[in-house]
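All chains are named by letter (A, B, ...) in the order of the sequence lines, taking the proteins before the strands, and each is independently numbered beginning at 1.
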Amino acid sequence: MLDKRLLRDDPDVVRRSLRRRGHDDAVVTTFLALDEQWRASATALDALKADRNRISSQFAKAKEEGEAALRALREHSTELGRQIEAREREAAELEQRVDELLEGIPNIVSDDVPDGPDASANRELRRSGDPPVFDFKPKPHWDIGEALGIIDFERGVRMARARFAVLVGDGARLSRALVDFFLDRDIAAGFVPVNPPILVNRESVKATGHLSKFSDVMFSVEDGKLFLSPTAEVQLVNMHRDEILEAEALPKLYVAYTPCFREEAGAAGKDTRGLIRQHQFEKVELVGICTPSDGPQIHERITTQAESLLQALELPYRVVVLSSGDTGFASQKTYDLEVWLPGQNAYREISSCSSCGDFQARRANIRYRPQARARPEFAFTLNGSGLAIGRTLVAILENYQQRDGSVSIPKALVPYMGGTQRIE
RNA sequence: GGAGAGGUGCUGGAGCGGUCGAACAGGCACGCCUGGAAAGCGUGUAGGCGCUUAAACCGCCUCGAGGGUUCGAAUCCCUCCCUCUCCGCCA
């Protein structure tokens, strides 16, 4: 959620950001008009309430003065009550419309984000490692996995439905190894491990911006009261919802390993084969909560932490900064880490590291005190995957595949595989 | 799932339906006192919205959440949520 004052004082900043995202900026003008009406209505309402409060305080005295005085007060108060009721309805409705508009406006995209309508305008920042050279035609991971008997797509469908898969044997083991490997390294880098609930409530998903009207990507249970978390970003950002933190307590750096669930309703026909886009997947997530001045530094820290995992696994990747049109609803600026997938002959997203400024903190009401006794201010929130387990597994199968169909294990991972150096 | 108790400020804990954003105590901050400290004394100590160039001032709102009764609700009624105790079930 943006600051109302930003819209009032600097509406053109918001309009420009909306246009850069490829949205209509008319919502800003609508907001300003409604906000104006709401403030006028609320001010009038407050004045009426002030009148009534003044009269209420006279009742005690009037009781001693007798029935006539009481009746006069009562009548006056009743009349004010009628006016208040009418005003209140009006003000509440206006406020609700203002809030709905406000909640639907995406974060301001950073100035240093490249302009562009979609992913085609994303800008590559750097590359690490060279794509492996094969003396045979590299296979996609679904062929490798099925041939080795470590990924079973059919049984996943049998147990659940399409876009669910089963890992078996060394597949399950490799997945576990990645979780442990990532957690160990993230914890060593200063992130505090968290093991959160997987079901989250409405307030929590609203706080991170996952419940905006336009993106209904979540599975829900209990009549929509609870959701299967689409990313541990939700849980970790909500660690401090409705709290006022002392400045010394910041930054808060968290890491959580969780399953994630996404409906993927808008992705029909996309990545239908393989593990890339599943309804259920596992992920190790990094989240930072910090002061505004620390924001850029923590964003880089999360990004380089995620990169270090790919480097340790010796997987080739590149870092891109998302264009204005591709940047997510709550984000000001997002770096995607894209790992090389020989089976697709392409770089594919394996981590997304976003800086949300105070956008989520305002929704989540996460504040901190710059100095003791100072007025609280909204914190900044940052998040990034470190890393997506399924996609990392895919990358390993495709990059480490051998001519004979076996897959070697990255050196750093061998201890986590009980010494196993090869899946065959 | 069944039975009961309860949700008030940073904490504990009061609160005949009006003068209660809320006694009192503790904590914390600042000041006095002191060679320094403790004790003691004094002062202060929520958040949001509106108004304001900004702040102060001022006004409104907030005693788990939402409704209701009433001229008026922390206080009465209803619904929901949460916590605790006991029983049942269970990894």
Side-chain angles (χ1 to χ4, degrees), chain A residues 1-11 13 31-103 195-207 220-227 238-249 259 358 360-379:
Chain A
M1 188 162 66
L2 293 178
D3 188 349
K4 275 181 184 158
R5 282 175 209 121
L6 176 67
L7 278 129
R8 288 172 192 158
D9 300 343
D10 229 340
V13 168
F31 169 88
L32 288 174
L34 272 174
D35 180 55
E36 189 73 44
Q37 285 181 50
W38 167 69
R39 280 189 288 168
S41 181
T43 303
L45 175 64
D46 283 357
L48 287 170
K49 283 181 173 175
D51 285 346
R52 185 173 63 181
N53 288 343
R54 211 169 300 121
I55 287 165
S56 282
S57 67
Q58 294 167 10
F59 264 86
K61 191 153 38 113
K63 268 183 187 161
E64 296 162 15
E65 292 172 8
E67 196 50 42
L70 264 180
R71 184 147 28 90
L73 275 185
R74 207 174 283 137
E75 277 167 13
H76 194 173
S77 189
T78 306
E79 171 53 26
L80 282 172
R82 260 194 288 275
Q83 295 179 35
I84 287 170
E85 207 179 324
R87 263 299 173 197
E88 210 153 44
R89 258 198 302 275
E90 176 193 84
E93 197 208 312
L94 285 166
E95 187 173 24
Q96 196 196 330
R97 287 167 66 192
V98 167
D99 286 348
E100 271 171 18
L101 279 181
L102 193 62
E103 281 173 16
N195 203 330
I198 307 306
L199 291 176
V200 291
N201 59 32
R202 283 192 101 76
E203 290 72 38
S204 295
V205 289
K206 265 187 96 159
S220 69
V221 294
E222 297 268 304
D223 293 329
K225 290 195 187 83
L226 291 172
F227 298 87
N238 278 279
M239 283 286 285
H240 297 290
R241 173 151 55 86
D242 293 325
E243 287 184 28
I244 299 174
L245 301 156
E246 294 307 322
E248 305 81 65
D358 62 7
Q360 288 180 327
R362 186 170 282 109
R363 292 180 162 233
N365 196 26
I366 303 167
R367 294 172 292 174
Y368 77 100
R369 265 182 226 288
Q371 284 101 32
R373 338 216 111 238
R375 173 185 289 271
E377 288 176 18
F378 290 109

If [N] has a Watson-Crick or G-U wobble mate with both distances under 3.5 Å, name it; if not, just say none.
N: rC60(B); value: rG48(B)
N: rA25(B); value: rU11(B)
N: rC20(B); value: none
N: rU70(B); value: none
N: rU75(B); value: none
N: rU34(B); value: none

Whole angstrom is fine here: how far is it from [atom1] in [X] over to [atom2] in [N]?
X: Leu102(A); N: rC49(B); atom1: CG; atom2: P; result: 12 Å
X: Glu203(A); N: rG66(B); atom1: CD; atom2: P; result: 12 Å
X: Leu80(A); N: rU70(B); atom1: CG; atom2: P; result: 17 Å
X: Asp242(A); N: rG47(B); atom1: CG; atom2: P; result: 15 Å
X: Arg54(A); N: rG72(B); atom1: CZ; atom2: C1'; result: 16 Å
X: Gln37(A); N: rG50(B); atom1: CD; atom2: C1'; result: 17 Å
X: Arg362(A); N: rG47(B); atom1: CZ; atom2: C1'; result: 16 Å
X: Ile55(A); N: rC71(B); atom1: CD1; atom2: P; result: 14 Å

Could you check whether atom CZ of Arg241(A) has more than 12 heavy atoms from other residues, nucleotides or ligands sitting under 6.0 Å from it?
yes

Test side-chain hydrogen bond (donor to acceptor under 3.5 Å, both in side chains) on Ser56(A) and Asn53(A); report intermediate values, then the result.
CA-CA 5 Å; Ser56(A) 282; Asn53(A) 288 343; 5.2 Å; no

With sugar-phosphate meaning primed atoms plus P, OP1 and OP2, does [X] contact a base, only sugar-phosphate, or nothing at under 4.0 Å between heavy atoms?
X: Arg8(A); answer: sugar-phosphate
X: Arg369(A); answer: sugar-phosphate
X: Ala42(A); answer: nothing

Distance between the [atom1] atoms of [N] and [M], in whole angstroms?
N: rA56(B); M: rG64(B); atom1: C1'; answer: 34 Å
N: rC80(B); M: rG17(B); atom1: C1'; answer: 25 Å
N: rG27(B); M: rA39(B); atom1: P; answer: 8 Å
N: rU8(B); M: rC63(B); atom1: C1'; answer: 4 Å
N: rC60(B); M: rC10(B); atom1: C1'; answer: 26 Å
N: rG9(B); M: rG15(B); atom1: P; answer: 16 Å
N: rC76(B); M: rU69(B); atom1: C1'; answer: 8 Å
N: rG35(B); M: rU45(B); atom1: P; answer: 31 Å

Under the side-chain contact (heavy atoms from CB on, under 4.5 Å) test against Phe227(A), which residue among Val205(A), Asn201(A), Val221(A) passes?
Val205(A)

Counting only side-chain nitrogens and oxygens, does [X] get under 4.0 Å of the OP1 or OP2 atom of [N]?
X: Arg367(A); N: rG48(B); result: yes
X: Arg52(A); N: rC71(B); result: no
X: Arg5(A); N: rA54(B); result: no
X: Asn53(A); N: rC60(B); result: yes

From C-beta outward on Arg39(A), which listed nucleotide comes closest to its side chain: rG18(B), rC51(B), rC60(B)?
rC51(B)

Taking all atoms of both residues into account, what is the closest heavy-atom pair of Leu45(A) and Glu88(A), and its distance?
CD1-N, 4.0 Å

Identify whether the distance between the nearest side-chain nitrogen and carboxylate oxygen of Asp35(A) and Arg8(A) falls below 4.0 Å.
yes

